[in-house]
Structure formats: structure tokens, C-alpha cells
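Read the structure below first, then the notes.
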Number of protein chains: 2
Amino acid sequence: MSEHNHIPLHSLKVSCSSCSLRELCLPVGLNREEMSQLDTVIRQSRRLKRGEYLFHSGESFKSLFAVRTGFFKTCVASQDGREQVTGFQMSGELMGLDGISTGNHSCDAIALEDSEVCELPFGRMETLSRDIPSLQHHFYRLMSREIVRDQNVMLLLGNMKAEERIAAFLLNLSQRLSTRGFAANDFILRMSREEIGSFLGLKLETVSRTLSKFQQQGWIAVDHKHIQLVKVDDLKNLISGCSHANGH
Amino acid sequence: MSEHNHIPLHSLKVSCSSCSLRELCLPVGLNREEMSQLDTVIRQSRRLKRGEYLFHSGESFKSLFAVRTGFFKTCVASQDGREQVTGFQMSGELMGLDGISTGNHSCDAIALEDSEVCELPFGRMETLSRDIPSLQHHFYRLMSREIVRDQNVMLLLGNMKAEERIAAFLLNLSQRLSTRGFAANDFILRMSREEIGSFLGLKLETVSRTLSKFQQQGWIAVDHKHIQLVKVDDLKNLISGCSHANGH
DNA sequence: ACTCAGTATTGATAAGGGTCAACCTTTACC
DNA sequence: GGTAAAGGTTGACCCTTATCAATACTGAGT
């Protein structure tokens, strides 16, 4: 936590050492002292291997986690084994907001590839956010954004057909990847067909068939987990009308 | 805003004059001064007639609203007219949290019967919550609870069959009504079959048929909007396994 | 390089729920 | 109080997606 002093504020974005969190999740507009206060709170990052749980449903909630690198899914499970994936998280995105409510996590968070997260002890963030208004505001906005995202998923699950869901899903991924500087139209899926299906309320066979269909129509190219979007406009046409439906 | 001085703290619950909000939504544990600070922020309530919009999607976000009396739905609409009801709100429940994210409401809120709400100007609540830690904490918890509720709706929409959805819906309503001191097994639906369907991702005909089916089985009695739950355990059996699925 | 388990594709068939339509009931409004 | 509009029920039929099944591919680990 040293170099801040030598670096102009506006470039902190790219030069913070400990954690990419601040670039991606936290508000600009903090002064140096506030930044260093934040530094004392954010714990060093934790590494997880593919398949590892970041937290389990029911576990006591202590911290939020921000993805530094890698890819996660969050899911709620019913007693009889059915599971609903409630979201996929990539770098800069936050997990654990559901735990604040009861003090226990209400979902599982699982790494879909080797990943790294920043831990944000919530109690200390809460305290700190009292002293730093813009931080408090930012947290309210983050939680609200999650609510909006969830509402859009409801719209997707409640109103859209399989093809529309898949198209919305691909376009949403594409948009989030390009925000992070990755190619928008050429990417690797980090999740299985079954996990996509669980998120979208479809069976894995339907996901597979729909991807094949899109490929036959020349809209996308599918090579297992490697996806290329060829005709983005056609995909967008499919969901125009049911729009709003882009989470995150 | 007068009688607080004469009334012991623990009974504020029942005796606040201006607004039932504090009883239902806000944390206990405020002292008298904090309570009176809150009083200066909470605006007098607003009355709405059935069918009236409390706010529209896209409208600038200024305030949260808590239902005092009556019943609301919130919904997001797609361009082509499809609408997804994202929730039904009854007394004590909050609307508008989605607006914090962008500064604009992302859904419509519509009164399903003549209703009364408290307005909570968000900017002032935010400021106040800096000075009153328990208020800040309470807001975080409220927002988190909304996230958990939405996740459970996703589970419902993504995994459950029509009968399970309807059963979960009825049981959820029942539970929330009984929390408020109303009969748990005998109530009037405030929403149409179509609105139920929109919330549950079903068509109105399916809602109607499923209610008829439950009635034939002797599990419930249906007289238009008047519903009686006769065999609650059978309804619960239907959704055991997919449980978790009770919002709010 | 081989194997086994997990993952994906594709086809055939079935079921659940959507769609269309007719009819009935209630509510709201003139 | 009568009439129109909205809401609700029920039936027949069809479409989308789930289910079941066979096969193929991939990749991690030996």
C-alpha cells in the first residue's frame, strides 16, 4: 500500500497494487486518505481452484467478495437437488450481497475456473461507509443494480422463449466481456450447457439444440465452448421487444 | 410529531401517528432524538386510487415508498407490450429500491386497490443513515432481503411447474397476510388471474385451471377472488423439495 | 497413449402449458 | 338499472420444450 503517494489520482485506476476491486467496483472520487482507509479494510485476495466453493448457502456471512480474475456462478439449491443458477460473475463483479439480509449466505458461490477474489469484510465496510459518503452511496447503488439485474432475469424467465433466452444470454456475456476489454464477438464459455440451462430455465438439451440452430442460421459459430457471434444484429432482433433483458 | 415524548420507546410501535412505516419497515433501536430526526424526513403519506401509478419506469428516482395500506404491483414492461410483474407489495413493504442504481425507476408501481404510501426522500434518508448506524444497517438489510426474494422468484420461474408455482404463491401470500394479523387461510386476492400469471410466468388460463384443479382436489375453495386454503399441508407437500421458494 | 467420467450433440417421443375460442360472471359507468 | 367492458372458466388443439436414449467428443489423470 505504498505507491499511491507517487501517482496522480486519476491514474490510480490502473496502478493499484493490491486488488483490482477499486478499479471496477468502487467509486471514483475518493481522496488519498480515503483510499488508504479502504486499503486497510480490503483483505488480500484469495485464490480458488476450479470447482471450489467461495461460500456455501447457510454459512455465516462475514464478507462480500469481488472477483479479481476468473469466473464464478452463484446458485440456490432446493432440497430435492434441483438447482437454480442465479448468476455468473466475472472480474469486478460482487458476490455475497444476499447474505446481508439474514447474516447467512443464501446461495452457493462456486469458481468455474481458477480464480482470485478480494474479500471485503462487510462490518468494516459498513463502518467505513459512514465516514465516506460516496462509498455509502456506491454500496446502495451496487445493491440496487443487483435488484435491477434480478428483475431483468425474471422478465427473461417469465416471458421469453428458449431462442430469445439464449440470444439474450449470449449478448449479455458479449457486452460484459467487451466492457472488460475482451473481444465482444469471440469468447470462451466458462460454464457448461447444463449451467447455462439452469440459469435460463431450460434443459441442457435445449441449450445445445438452440446453439446448433443459431449456428445453422449462420448467426454464431460454435466450437464446444468457443463461441463467435457472427450476426449480432440478428440476435438482437430476436430479443427486440423483450429487451430490458440484459442483466448486469 | 408530538406524542413521542410521552410514550415509552417500546410502545412507539403502535402509537406513531404519521405513518405506519416505522412499525413495519424501520429498525427498532432508535432513540427519541433519532426518531424525531426520522420524522422530519418522512413525508406525509400519499393516497392513490386503484389503478393509479405510484411511479413509472424511466421516471426520475427521488424517493422510496412504503405501503401503509392497500396493495401494489411492480412490473417491468418490454417494448412489444409484454409485461412481467416482479412483485406484489402489501403494507409495510418497500417499493423503489431499483431506482437507486441509475437514478431512474426501472419498473412501474401500480396500486391494485385504493392505497396509501409513505414517501421517503432517498437523499435525506441516505444522509440520515450516516448519522444513525442502525438505520444504515437496516437499509442494507432491506436491500439484501429484496435480492434474496428475487433469487427465490428466479428459482420458482426456472424450476417449478405450474401447480408448484401456484401453491408457492398462495402459501407466500398466506404467510405474509398472517404476519400482518390477517387470516392466513381465508383472503381476497387483490390481483387478477392475468397478473398472477404474469408474476408466475404462466398464462391466465393456466392460473384459472390450476386453481380449479386445487379446488376439485379439496385443497382450496375458490370463489372468484375469495380464496380459502383448506389443506395447507397438501399445498406444502407440493412444493416441498422446491422450497426456499417463498419470497418476501 | 489409454481410460473413464463428464460433457455435448442429436433424434424420437411425450407432456405441459400456450393458444384460440366460446361462453359466462362481475364490475363499472352512463 | 341497464349495458358495455373487463375478468374468469372451460374445452379443443397445437407447439414448445422436457424427457429418454444412443452416440460421440473432450480432457484430466494414470
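Within every chain, numbering begins at 1; the chains are lettered A, B, ... in the order of the sequence lines, protein sequences first and strands thereafter.
Regarding R50(B), its CZ atom lies at a distance of 10 Å from the C1' atom of dG7(D), rounded to whole Å. Spacing between atom CZ of R193(B) and atom C1' of dC24(C) amounts to 14 Å, rounded to whole angstrom units. The interatomic distance linking L211(A) (CG) with dT7(C) (C1') rounds to 14 Å, in whole Å. Separating the CD atom of E194(B) from the P atom of dG18(C) is a distance of 13 Å, rounded to the nearest angstrom. Atom P of nucleotide dA24(D) and atom CD of E205(A) are separated by 18 Å, given to the nearest angstrom. We find that NZ of K213(A) is positioned 16 Å from P of dT9(C), with the value rounded to whole Å. Across the protein-nucleic acid pair, R190(B) atom CZ and dT27(C) atom P stand 12 Å apart, rounded to whole Å. One atom, CG of L238(B), and another, C1' of dG16(C), lie 15 Å apart when rounded to the nearest Å.
Judged by distance alone with a 3.5 Å cut-off, a donor-acceptor contact links the side chain of R209(B) to the base of dG11(D).
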Exercise. Is there a side chain to side chain contact (heavy atoms under 4.5 Å, CB included) between F88(A) and F71(A) once you walk through the steps?
Worked result: CA-CA 7 Å; F88(A) 297 107; F71(A) 208 90; 3.7 Å; yes

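Each of dA28(C), dA18(D), dT7(C) was ranked by its minimum atom distance to the side chain of L202(A); first place goes to dA18(D). The side chain of S208(A) has dA8(C) as its nearest neighbour among dG8(D), dA8(C), dG17(C). Considering only side-chain atoms of L204(B), the nucleotide from dG17(C), dT17(D), dT9(D) that sits closest is dT9(D). For K225(A), taking side-chain heavy atoms from C-beta onward, the closest of the listed nucleotides dT7(C), dG17(C), dT17(D) is dT7(C). You'll find that the side chain of T206(A) is closest to dT17(D), out of dT10(D), dG18(C), dT17(D).
When heavy atoms are screened at a 4.0 angstrom cut-off, G201(B) is found touching the sugar-phosphate backbone but no base atom.
Salt-bridge check for R46(A) with E119(A): failed, with every basic side-chain N at 4.0 Å or more from each acidic carboxylate O. A salt bridge does not link R68(B) with E93(B): every distance from a Lys NZ or Arg NE/NH1/NH2 to an Asp or Glu carboxylate oxygen is 4.0 Å or more. Between E83(A) and K73(A), at least one side-chain nitrogen of the basic residue sits less than 4.0 Å from a carboxylate oxygen of the acidic one, meeting the salt-bridge criterion. Between R47(B) and E116(B) there is a salt bridge, since at least one side-chain N of the basic residue sits less than 4.0 Å from a carboxylate O of the acidic one.
Residue-to-nucleotide proximity on DNA chain D shows that, of E163(A) and D223(A), the 5′-proximal contact is made by E163(A). Along DNA chain D, the nucleotide nearest to H224(A) and the one nearest to K161(A) differ in position, and the one closer to the 5' end is contacted by K161(A).
For K203(A) and dT19(D), the shortest distance from a side-chain N or O to OP1 or OP2 is below 4.0 Å. In this structure, S212(A) reaches the dT10(C) phosphate: one of its side-chain N or O atoms is under 4.0 Å from OP1 or OP2.
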